[in-house]
Amino acid sequence: MATTVEDPRVIEVDVRTDEMLVNMGPQHPSTHGVLRLVLRTDGEVVSEVTPHIGYLHRCAEKIGENLTPRQYIPYTDRMDYLAGMNMNLGWALTVEKLLDLRVPEKGRHLRVLIAEMGRIASHLVGMGAYGLDLGTFSPFLYAFREREKILDLFEEACGARLTYSYLTVGGATADLPKGWLEKCEAFLDQFVPVIDEYHTLLTTNTIFIKRTAGIGLLSPEMAIDYGCSGPVLRGSGVDHDLRRDGETIYTSMYDDYNFEIICERDGHYPQDQDYPPVPIETMLGDCWHRFYVRMLEVVQSVGLVRQAMEKYQASEGSHGEPIKLNQKLPPGEVYLETEAPRGQMGFYLVSDGKAIPWRVRVRSSCFSNLSVTPELCRGCLIADVPAVVGSLDVVMGEIDR
Amino acid sequence: MDRDVANSLNFLLDKLTGLLGRSVPEDHVAGHLIAAFLYVGLLLHLVAVSALVFIWMERKIAGRIQDRLGPTRVGGKFGWLQTLADGLKLLTKEDLTPTGADLFLFRIAPYVGFCASLGAFIAIPFAGQDFPFVAQHLNVGVFFVLAVMGIEVFSVILAGYASASKWSLFGAMREAAQVVSYEVPLGLCVVVPVMLAGSMDLVHLGDKQQGWFTNWYLLHDPFTFVIFWVYFTCATASVNRAPFDLAEAESELVAGFHTEYSGLRWSFFFMAEYGSMLAVSLLGAILFLGGWHGPVPVASLLGLAWENGPVWGYLGNLLGMVNLLAKAVLLVTVMIWVRWTLPRLRIDQVLTTCLKYCTPIAAAMFLGAATWHMAMPDRVFAGLLQAPEANRLLAEPSATPRLQKGGNL
Amino acid sequence: MEFQAIAERLQERLGDAIVAVESEAIDPWIEVAPARLMEVATALRDDPAWLFDYLHCISGVDLLETDPKKAAKTEWEPHLQVVYHLSSIRLKHRLVLKVHLPRWKEDQEGELPELASVASLWNTANWHEREVYDLCGVRFTNHPNLRRILCPEDWVGYPLRKDYEMPLEYHGIRGR
């Protein structure tokens with residue numbers, strides 16, 4: 001603060017201000033766990049944001065070098081712990097790609113069903129927590145109320161509510177119990193009208209729009225350059241979703257499913273007449289659009305779940321038996337990305353012919369999504385930092401692994 | 001009221017000491033002191049108990065809004081003693097002061113806030129007419145209440161500054177910026193009823209609206225109707241309630257100015273917040289919602305007036321007090337409802353809302369109300385009805401000044 | 001574009017920058033000479049026929065058999081691999097690039113092998129290279145900010161190397 005005035009006759013009339021370094025996190029209510037952001041602020045204006053990660057590092061890749069693929073499934077649960085099912089699926093498919101294994105028809109539909117339910121549950125948390133970041137508490141509980149019902153269904157299917165280890169290499173650990181589909185159907189029927197509630201409380205709320213429109217603008221070029229994926233990428237108008245554009249082993253899961261990638265094309269979202277209109281003050285690639293894409297994906301996933309239930313019921317035979325716990329892997333290496341709720345979750349597996357992989361590498365979607373924060377937060381206000389980070393919907397368990 | 005009560009107390013003292021063969025003059029200081037303690041004691045309880053009730057209400061309402069139950073166990077069925085239990089817990093908590101904090105300022109900050117919040121109640125009447133229920137009857141009551149409430153800001157700024165925490169400092173600076181923006185429209189809003197009543201005396205302001213709800217200033221003309229909502233918005237901002245709770249802004253500033261506070265000191269901030277909520281709601285009810293004069297003039301219909309004797313008058317006043325408190329609690333409930341529904345505004349948006357929208361609206365409404373009042377004086381309910389005789393008489397200047405009678409406390 | 005076509009065109013254009021092409025693997029890959037990585041990467045990103053605009057992942061793989069008995073039987077010399085997974089959002093094709101590096105620079109233990117950073121081509125690489133540096137110990141030259149990312153800054157060693165040993169103690173915390 002102390003600067004010497006060279007000429008004593010000169011009287012400074014300006015208020016002298018200084019930049020201040022502020023640690024937002026790792027213990028902070030809105031950094032989604034243990035993210036640490038170092039803010040360089042000038043008053044309320046943030047001139048620079050530096051994310052520091054690693055507070056939740058649990059050596060997942062190292063652990064992968066010591067366990068067989070099926071033993072590793074529970075560790076994938078703990079990566080994106082809000083979408084454990086989708087993590088299981090990503091790893092299972094990677095190993096299946098190496099083994100050249102295809103799950104039976106019934107197992108395939110079961111996987112779509114469970115993965116899309118997982119996506120709904122995960123987006124609900126993302127949505128509720130985003131409300132929390134913007135200072136409204138009620139939508140969070142509304143979201144958790146519905147998520148709880150999904151967790152109940154998951155619990156019935158596999159016995160766990162958070163770390164499922166349900167979908168596994170070769171299929172799933174168990175078939176769906178009797179009566180599950182009816183309960184799921186009932187849940188969906190009840191859930192669809194609730195989405196309008198969320199739109200009222202958040203999507204179309206004036207204050208919400210004011211807080212998110214035009215904030216954290218991410219251009220499509222920058223999104224691709226930073227390796228962003230999932231709703232963050234599609235919120236910028238990039239028409240890319242691995243459920244359609246991914247590798248065959250993954251996209252074949254969604255064969256004969258009817259869905260459209262949620263992304264703005266020529267100023268329109270698919271079927272947008274059914275949803276609240278896009279406010280004029282928003283810009284493609286801002287926080288509002290990322291949020292909106294998530295909301296529309298929830299609606300879409302409901303449709304996919306309905307289709308999957310139908311197909312699941314129609315298909316005969318086994319849901320896919322898990323491989324042996326210590327099954328030997330063929331030598332080789334595979335890389336596979338799947339469309340998890342938060343983006344493209346990739347697993348890279350190097351095998352030297354033993355049952356235990358030589359190397360496991362996890363490509364986390366949030367890791368890349370978060371790395372764009374410094375760009376998005378440059379010159380924004382302090383209050384916008386949670387708004388931006390929340391719109392990226394990061395889960396630290398996945399970033400730090 | 002104070003003088004009368006003091007004199008009566010002195011009279012009682014005189015009788016008591018008379019037994020010992022001594023006398024107390026009518027204007028003795030003892031009577032005044034006892035009266036002062038009596039008032040302060042009553043007001044302190046009002047603020048403290050209302051804070052307890054409001055916190056319980058807030059949790060219950062929030063719970064219901066969020067599809068859960070809220071507190072259910074402590075104190076029986078509705079968890080109505082939950083706040084007391086929390087208070088006890090806060091009492092036993094360790095009182096932490098951060099190293100590097102300015103200890104003196106850090107410690108007094110919550111009390112400054114609480115005192116300011118409590119101080120406002122001194123001039124707020126709870127019933128009017130011939131023998132108003134008010135601790136200190138001031139002919140500039142409105143001004144006093146706003147001025148004293150303004151001091152509460154110091155507690156936030158002091159707490160933020162003295163905590164030696166960057167988040168607290170941010171909270172304090174936000175509060176400072178916010179004050180500048182909401183005080184202007186708030187003052188403008190309050191001026192309108194003052195102008196209509198021709199008095200800054202809260203008792204008179206209330207009594208000018210006696211009778212049916214048609215006499216309320218809220219419904220006086222379209223301009224006052226609008227300005228009530230502007231007042232309510234600014235009042236919400238002035239007590240730092242969501243969506244204007246920028247000074248604490250949980251998701252941004254951890255807890256803002258009270259990040260470093262714990263235990264009882266922290267709870268004093270809350271008492272102050274809920275006290276201020278009640279104060280601005282009472283003020284709003286007196287200025288716009290007829291104060292102690294209900295939608296239906298039950299008291300006068302039942303003949304509970306001072307003309308019929310002191311007991312009836314007293315009962316009428318009690319009824320008026322319940323009426324006023326009910327209106328205030330209703331306004332507080334709306335504040336709670338808003339808090340659990342809306343996201344928080346950003347600091348620049350708060351400044352915009354208050355300075356760019358509320359101030360011009362308030363100014364325009366002020367002009368409109370003034371013109372309306374000049375065009376058709378003594379008409380109420382959007383100019384449809386003639387103001388009752390009693391309401392008009394009060395505007396006479398001779399009836400107004402009470403303070404001039406002699407010194408006060 | 002099919003992998004075969006990409007590989008042929010690359011070999012045509014950059015010749016000896018391409019060390020090996022493996023098209024039989026599940027994920028076919030191309031091995032690039034470490035010194036010429038930037039050249040290849042730039043071409044892959046900018047050539048209108050390839051347009052690899054999206055870098056998925058950079059992985060470090062340590063190929064070292066720690067068991068001396070097995071080491072005698074392994075076919076490969078101990079080395080590090082850095083694997084780049086690329087794709088093109090516009091043209092919808094994928095490619096795997098590999099770079100072989102010595103485990104230590106000039107076989108001097110403790111001297112990290114060096115590789116050009118591709119962070120100037122794909123911003124994704126910024127954090128991914130930091131992670132590879134942190135966990136596998138590869139020094140990326142011209143990286144804007146090469147610091148540890150997951151481990152604390154004062155951590156010793158590169159945990160994903162096969163000869164890594166967990167420290168006995170870190171700031172008073174028992175390690176093993």
Side-chain angles (χ1 to χ4, degrees), chain A residues 50-59 61-62 64-65 97-100 220-229 233 238-240 244-247 249 330-337 344 346-350 352 358-365 367-368 370-372 374-375 399-401, chain C residues 22 24-27 29 45 51-65 70 74-76 81 83-90 92-94 96 98 119 121-128 130-132 134-136 145 147-153 155 159-162 164 166:
Chain A
T50 320
H52 289 259
I53 61 171
Y55 291 91
L56 204 57
H57 182 49
R58 290 153 300 173
C59 321
E61 294 180 7
K62 189 81 178 173
E65 293 174 9
K97 184 179 171 187
L98 180 69
L99 294 169
D100 200 16
E221 294 78 28
M222 200 198 283
I224 293 173
D225 189 29
Y226 273 90
C228 296
S229 52
L233 184 67
V238 181
D239 190 359
H240 186 76
R244 184 194 64 197
D245 305 321
E247 292 185 36
I249 186 163
E333 52 195 76
V334 283
Y335 180 77
L336 182 70
E337 281 190 4
Q344 300 173 8
F347 289 97
Y348 178 52
L349 195 163
V350 183
D352 61 343
W358 177 264
R359 170 85 164 96
V360 173
R361 166 91 169 110
V362 185
R363 188 263 183 195
S364 146
S365 51
F367 186 80
S368 298
L370 182 71
S371 71
V372 81
E375 294 282 343
I399 292 172
D400 294 339
R401 284 154 291 161
Chain C
E22 167 65 65
E24 300 301 309
I26 307 173
D27 287 327
W29 46 262
R45 192 191 66 158
L51 286 179
F52 283 102
D53 47 11
Y54 197 95
L55 173 65
H56 290 266
C57 186
I58 302 179
S59 326
V61 183
D62 183 20
L63 289 143
L64 168 78
E65 185 55 74
K70 286 180 191 162
T74 48
E75 294 153 21
W76 29 260
Q81 271 183 11
V83 188
Y84 297 80
H85 290 93
L86 299 166
S87 83
S88 168
I89 295 230
R90 273 171 282 184
K92 317 264 180 219
H93 51 214
R94 277 177 285 274
V96 183
K98 275 191 183 183
L121 300 176
W122 298 282
N123 262 313
T124 331
N126 187 332
W127 279 26
H128 276 274
R130 277 176 70 183
E131 193 181 330
V132 175
D134 185 2
L135 300 180
C136 295
N145 180 23
R147 289 182 298 126
R148 284 186 184 271
I149 188 164
L150 291 179
C151 296
E153 300 224 353
W155 195 260
L160 282 179
R161 289 203 172 197
K162 291 285 178 185
Y164 174 77
M166 184 74 182

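FYI, side chains are in, hydrogens and waters are out, and symmetry mates aren't considered; it's all heavy atoms of this structure. Per chain, numbering begins at 1; letters A, B, ... match sequence-line order.
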Check ion pair C/Glu131-A/Arg401 (N to O, under 4.0 angstrom) = yes
Region of C/Val96 that comes under 4.5 Å of a non-hydrogen atom in chain A = neither
Contacting moiety of A/Glu221, where chain C heavy atoms sit under 4.5 Å | neither
Indicate yes or no: at least one non-hydrogen side-chain atom of C/His128 is less than 4.5 angstrom from one of A/Ser368.
-> yes
Engaged part of A/Val350 at the chain C interface, taking heavy atoms whose separation is under 4.5 Å = side chain
Honestly, the part of A/Gln344 sitting under 4.5 Å from a heavy atom of chain C is side chain
Below 4.5 Å from any heavy atom of chain C, which atoms of A/Ser229 appear? Answer side chain, backbone, both or neither.
-> both
Determine the interplanar angle of the C/His56 and A/Tyr335 rings, folded into 0 to 90°, and report it as parallel if under 30°, tilted if 30 to 60°, perpendicular if over 60°.
-> perpendicular
Heavy-atom distance under 4.5 Å between the side chains of A/Arg363 and C/His85, does that happen here?
-> no
All heavy atoms of C/Leu150 vs all of A/Ile399, minimum pair found to be CD2-O, 4.1 Å
Can you tell which of C/Asp134, C/Leu135, C/Asn126, C/Ile58 has the highest number of heavy-atom pairs within less than 4.5 Å of chain A?
-> C/Ile58
Measure distances from A/Val238 to the heavy atoms of chain C and classify the residue's part below 4.5 Å as side chain, backbone, both or neither.
-> side chain
Scanning both residues in full, the closest heavy-atom pair of C/Arg94 with A/Asp245 reads NH1-O, 3.8 Å
Rounded to the nearest 0.5 Å, what's the gap from CG on C/Asp53 to CD1 on A/Ile224? Could you check?
-> 5.0 Å
Select one option (side chain, backbone, both, neither) describing which atoms of A/Leu370 are under 4.5 Å from chain C's heavy atoms.
-> both
Which pair of non-hydrogen atoms, one from C/Tyr54 and one from A/Cys228, has the smallest distance, and what is that distance?
-> OH-O, 2.7 Å
Which bit of A/Arg58 comes within less than 4.5 Å of chain C, counting heavy atoms only: side chain, backbone, both or neither?
-> neither
Heavy-atom distances under 4.5 Å only: say whether C/Asp62 touches chain A with side chain, backbone, both or neither.
-> backbone
When only pairs under 4.5 Å are counted, which of A/Tyr226, A/Tyr55, A/Tyr348 shares the most heavy-atom pairs with chain C?
-> A/Tyr226
Derivation and outcome, side-chain contact (heavy atoms from CB on, under 4.5 Å), residues A/Arg359 and C/Cys136 | CA-CA 12 Å; A/Arg359 170 85 164 96; C/Cys136 295; 4.1 Å; yes
Give, as side chain, backbone, both or neither, the part of C/Arg45 having an atom under 4.5 angstrom from any heavy atom of chain A.
-> neither
Below 4.5 Å from any heavy atom of chain A, which atoms of C/Arg130 appear? Answer side chain, backbone, both or neither.
-> neither
Check: A/Phe367 and C/Ile149 side chains under 4.5 Å, non-hydrogen atoms = yes
Proximal component of C/Leu121, with respect to chain A [non-hydrogen, under 4.5 Å] | backbone
Could you check C/Leu160 against A/Arg361 for side-chain contact (heavy atoms from CB on, under 4.5 Å), going step by step and ending with a plain yes or no?
-> CA-CA 10 Å; C/Leu160 282 179; A/Arg361 166 91 169 110; over 6 Å; no
Interface residue of largest heavy-atom contact number with chain C, from A/His57, A/Met222, A/Glu375, under 4.5 Å | A/His57
Please look at A/Asp239 and chain C and tell me whether the side chain, the backbone, both or neither of the residue comes under 4.5 angstrom of a heavy atom of that chain.
-> backbone
C/Asn123 side chain to A/Asp225 backbone, donor-acceptor under 3.5 Å | no
Which residues satisfy the side-chain hydrogen bond (donor to acceptor under 3.5 Å, both in side chains) test with C/Thr124, sequence neighbours excluded?
-> none
In chain order, what residues pass the side-chain contact (heavy atoms from CB on, under 4.5 Å) check against A/Asp352, with sequence neighbours excluded?
-> A/Lys354, A/Trp358
C/Arg161 to A/Lys62 - nearest heavy-atom pair and separation | O-NZ, 3.5 Å
